*Asks:* 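Quick one: structure below, then a few questions.
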Number of protein chains: 2
Amino acid sequence: MSAPASGRRHSRDDVSRTALRLLDEYGLPDLTMRAIATSLDVQVSALYWHFPNKQSLLAAVSARILGPMDQVDVEDLPTSDVVRLLGGRLRECLLAYRDGAELVSSSLALGLVDSPVQSQLMRATRRDGVPDPLALVAAETVMHYVVGFTFHEQQRLSADALGLLDTETSLSPDAVSAPPEAGADFAEALTMIADGLDAAVRRHTARAGR
Amino acid sequence: MSAPASGRRHSRDDVSRTALRLLDEYGLPDLTMRAIATSLDVQVSALYWHFPNKQSLLAAVSARILGPMDQVDVEDLPTSDVVRLLGGRLRECLLAYRDGAELVSSSLALGLVDSPVQSQLMRATRRDGVPDPLALVAAETVMHYVVGFTFHEQQRLSADALGLLDTETSLSPDAVSAPPEAGADFAEALTMIADGLDAAVRRHTARAGR
DNA sequence: ACCTGAACACCGTTCAAGT
DNA sequence: ACCTGAACACCGTTCAAGT
């Protein structure tokens, strides 16, 4: 699986790929340098040849989690739909791995990873004639809201998964993998941001036209 | 300063007050149980009589940081102004202590502390006839955006403070304590959220009136 | 170029026992 | 009610040395 081709040793990608698998399997608190090294059949100190410290290794894992964001197709969609689409996709990316939102949240705050929303959103806003500064503000708002919301959501999911036997456990079969319908508020919030961007654009063009 | 009255020992409040002081002085990575205990002239294990674990101690510190949010005066201000006022105040609370945003961010995600925006915002929205569900979504959006933005901002400030001697250090005197003008984007984002809430309210009342 | 082996300087948490 | 003393089971990082 994560072993390199025979003859060569490990690569940076081997390390981050293995770390992502361990994250999903055991969670962020158990994602130690020792656990990663053991899984690669290597000494801990070997990891420091590939990465200068743990934080930059975690940044590489974050980039892997956010990878699918680049493939979102934004063509022939109005800006407000693009806001909703990118926000929804970002949430899906974060939920795809255990503790994904927490990990990405800190990598983003440390500035070790690029905005997962900005470049794609600006592709649409430039086409629609939205001023760049407004698009940047909207991109930041979407990013911070989605990451914060999903961080909170994912933490609640993990907590529920642990205390599942104490409370009412009889839901529909495989109710765990199916996203619960707290997603309605999430969609409403994205619409609010999209509408707010729209209002800002109208305000801007009105000022330019007087 | 943080010592209790003679005769009595320490209280929960002594501990969290001392922890907040150490946070501001040395930063979150150095806020260890051992450092807190040493500052209180006590053994580490003594802290576990007051708090079940470190995370709940940090939650008490977070609550202390968010304390001033309850004193925001919301009377005779329209809802959209209240959104901007609460968002701005929250940012100020987080910036008031070193690493405040990071600490509060995790306490909020863990659900160990109440929303610093919700109750105050709803005081205004109920008075203005805004439906509760919309107000809740707006409160979440403001909270997550402000915390995420300020987390990022504060991290950049700390990084700059360390690398200050390498780069151009000659700015205006005491340029550190004065908030730099990245706050313009912040205000624009809050206005976008306020406008988005406004649009949602109009959409709602239009549907009710047909 | 990539890794080993061993050490350093720490962590959070527990628990019997004291007063 | 509040704390001591000592231990347990870990951490991330460094560095000389190997191949």
Side-chain angles (χ1 to χ4, degrees), chain A residues 2-20 22-23 25-62 99 102-103 106-107 109-110 112 155 158 162, chain B residues 2-20 22-23 25-62 99 102-103 106-107 109-110 112 155 158 162:
Chain A
S2 66
S6 72
R8 285 197 59 266
R9 318 276 253 275
H10 289 293
S11 71
R12 257 179 84 100
D13 277 353
D14 288 328
V15 176
S16 63
R17 190 167 348 107
T18 298
L20 179 53
L22 291 178
L23 171 74
E25 212 161 337
Y26 305 108
L28 188 56
D30 288 338
L31 189 64
T32 66
M33 298 297 270
R34 279 167 167 86
I36 298 167
T38 300
S39 184
L40 287 166
D41 262 310
V42 120
Q43 295 289 107
V44 213
S45 48
L47 300 177
Y48 288 85
W49 193 91
H50 297 283
F51 297 93
N53 48 51
K54 188 183 184 182
Q55 203 49 251
S56 67
L57 195 163
L58 294 184
V61 178
S62 296
D99 292 340
E102 180 173 6
L103 176 59
S106 88
S107 292
L110 261 19
L112 299 176
Q155 209 70 36
S158 299
L162 288 180
Chain B
S2 64
S6 73
R8 285 198 59 266
R9 318 279 251 277
H10 289 292
S11 70
R12 257 180 82 99
D13 276 354
D14 289 328
V15 177
S16 62
R17 189 168 350 105
T18 298
L20 178 54
L22 291 177
L23 171 74
E25 212 160 336
Y26 305 109
L28 188 56
D30 289 337
L31 188 65
T32 67
M33 298 297 272
R34 278 166 168 86
I36 298 167
T38 299
S39 184
L40 287 165
D41 263 309
V42 122
Q43 296 287 110
V44 214
S45 48
L47 301 177
Y48 289 85
W49 193 91
H50 298 283
F51 297 93
N53 49 50
K54 188 185 184 181
Q55 204 47 252
S56 68
L57 195 164
L58 294 184
V61 179
S62 297
D99 292 340
E102 180 173 7
L103 176 60
S106 89
S107 292
L110 262 19
L112 298 176
Q155 208 72 36
S158 299
L162 288 179

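Below, all heavy atoms of this structure are taken into account, side chains as well, without hydrogens, waters or symmetry copies. Letters go in sequence order (proteins before strands), and every chain restarts at 1. The model shown is predicted, which means the values in this text are computed figures rather than measured ones.
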*Asks:* Shortest non-hydrogen contact from Arg12(B) to His50(B)?
*Replies:*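 So the minimum-distance heavy-atom pair works out to NH1-O, 3.3 Å.
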*Asks:* Rounding to an integer number of Å, can you tell me how far Met33(A) CE sits from dC11(D) P?
*Replies:*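 Whole-Å distance recorded here is 12 Å.
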*Asks:* What nucleotide among dC3(C), dT13(C), dC15(C) has an atom nearest to a side-chain atom of Ser45(B)?
*Replies:*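 Closest of the options to the side chain of Ser45(B): dC15(C).
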*Asks:* Starting at atom CD of Gln43(A), determine the distance to atom P of dT14(D), rounded to an integer number of angstrom.
*Replies:*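 Spelled out: CD on Gln43(A) to P on dT14(D) is 17 Å.
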*Asks:* Are Pro29(B) and Asp99(B) side-chain neighbours, meaning at least one heavy-atom pair lies under 4.5 Å?
*Replies:*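 They are in side-chain contact.
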*Asks:* Just how far, in rounded Å, is P of dG12(D) from CD1 of Ile36(A)?
*Replies:*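 Answer to the nearest Å: 8 Å.
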*Asks:* Between P on dC2(D) and CZ on Phe51(B), what's the gap in Å once rounded to a whole number?
*Replies:*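 It works out to 12 Å between those atoms.
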*Asks:* Can you check side-chain contact (heavy atoms from CB on, under 4.5 Å) on Leu58(B) and Leu112(B), steps first, answer last?
*Replies:* CA-CA 9 Å; Leu58(B) 294 184; Leu112(B) 298 176; over 6 Å; no
*Asks:* Determine which bases of DNA chain D form Watson-Crick or G-U wobble pairs with both distances under 3.5 Å, and write the result as a 5' to 3' dot-bracket string with | for other-strand partners.
*Replies:* ||.|||||...|||||.||
*Asks:* Arg12(B) CZ to dC3(D) P: how many Å, rounded?
*Replies:*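 From Arg12(B) CZ to dC3(D) P: 13 Å.
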*Asks:* Between Ser39(A) (side chain) and Ala35(A) (backbone), is there a donor-acceptor pair under 3.5 Å?
*Replies:*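 Between the backbone of Ala35(A) and the side chain of Ser39(A) there is no qualifying donor-acceptor contact (under 3.5 Å).
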*Asks:* Check every strand shown and say whether Thr32(A) touches a base, only sugar-phosphate, or nothing at a heavy-atom separation below 4.0 Å.
*Replies:*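 Here Thr32(A) touches the backbone only, sparing every base.
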*Asks:* For the pair Asn53(B) (side chain) and Ser56(B) (backbone), establish whether a donor and an acceptor sit closer than 3.5 Å, ignoring hydrogens and angles.
*Replies:*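 Yes; at least one donor-acceptor contact below 3.5 Å.
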*Asks:* Atom CZ of Arg9(B) and atom C1' of dT19(C): how far apart are they, to the nearest Å?
*Replies:*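 Atom CZ in Arg9(B) sits about 7 Å away from atom C1' in dT19(C).
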*Asks:* For Val15(B) versus Leu57(B), what's the shortest heavy-atom pair and its separation?
*Replies:*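 Heavy-atom minimum between the residues: CG1-CD1, 3.8 Å.
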*Asks:* Which nucleotide, dC2(C), dG5(C), dC11(C), lies nearest any side-chain atom of Arg34(B)?
*Replies:*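 Selected nucleotide: dC11(C).
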*Asks:* Between Val44(A) and Asp41(B), just flag the one whose closest nucleotide in DNA chain D comes earlier from the 5' side.
*Replies:*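 Checking each residue's closest nucleotide, the 5'-ward one belongs to Asp41(B).
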*Asks:* Give the nucleotide from the list dC3(D), dC3(C), dG12(D) with an atom nearest to the side chain of Tyr48(A).
*Replies:*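 Among dC3(D), dC3(C), dG12(D), the one nearest the side chain of Tyr48(A) is dG12(D).
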*Asks:* Does His50(A) put a side-chain nitrogen or oxygen below 4.0 Å from OP1 or OP2 of dC3(C)?
*Replies:*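 Yes.
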*Asks:* Quantified in whole Å, what is the C1' atom distance between nucleotide dA17(D) and nucleotide dC2(C)?
*Replies:*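 Going atom to atom, C1' in each nucleotide, I get 13 Å.
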*Asks:* Using whole Å, what does the distance between atom P of nucleotide dT19(D) and atom NE2 of His10(A) come to?
*Replies:*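 Interatomic distance, NE2 of His10(A) to P of dT19(D): 19 Å.
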*Asks:* Taking CG from Leu47(B) and P from dT13(C), how many angstroms apart are they, rounded to a whole number?
*Replies:*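 Nearest whole value for this atom pair: 10 Å.
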*Asks:* Give me the distance, rounded to whole Å, that separates dA9(D) from dA9(C) when you measure between the P atoms they each carry.
*Replies:*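 Per the computed distance, 23 Å lies between those P atoms.
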*Asks:* Out of dA1(D), dG12(C), dC2(C), which has the shortest distance to the side chain of Lys54(B)?
*Replies:*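 Per side-chain heavy atoms of Lys54(B), the pick is dG12(C).
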*Asks:* Could you grab the distance from atom OG of Ser11(A) to atom CZ of Arg17(A), nearest 0.5 Å is fine?
*Replies:*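 If I round to the nearest 0.5 Å, the distance is 6.5 Å.
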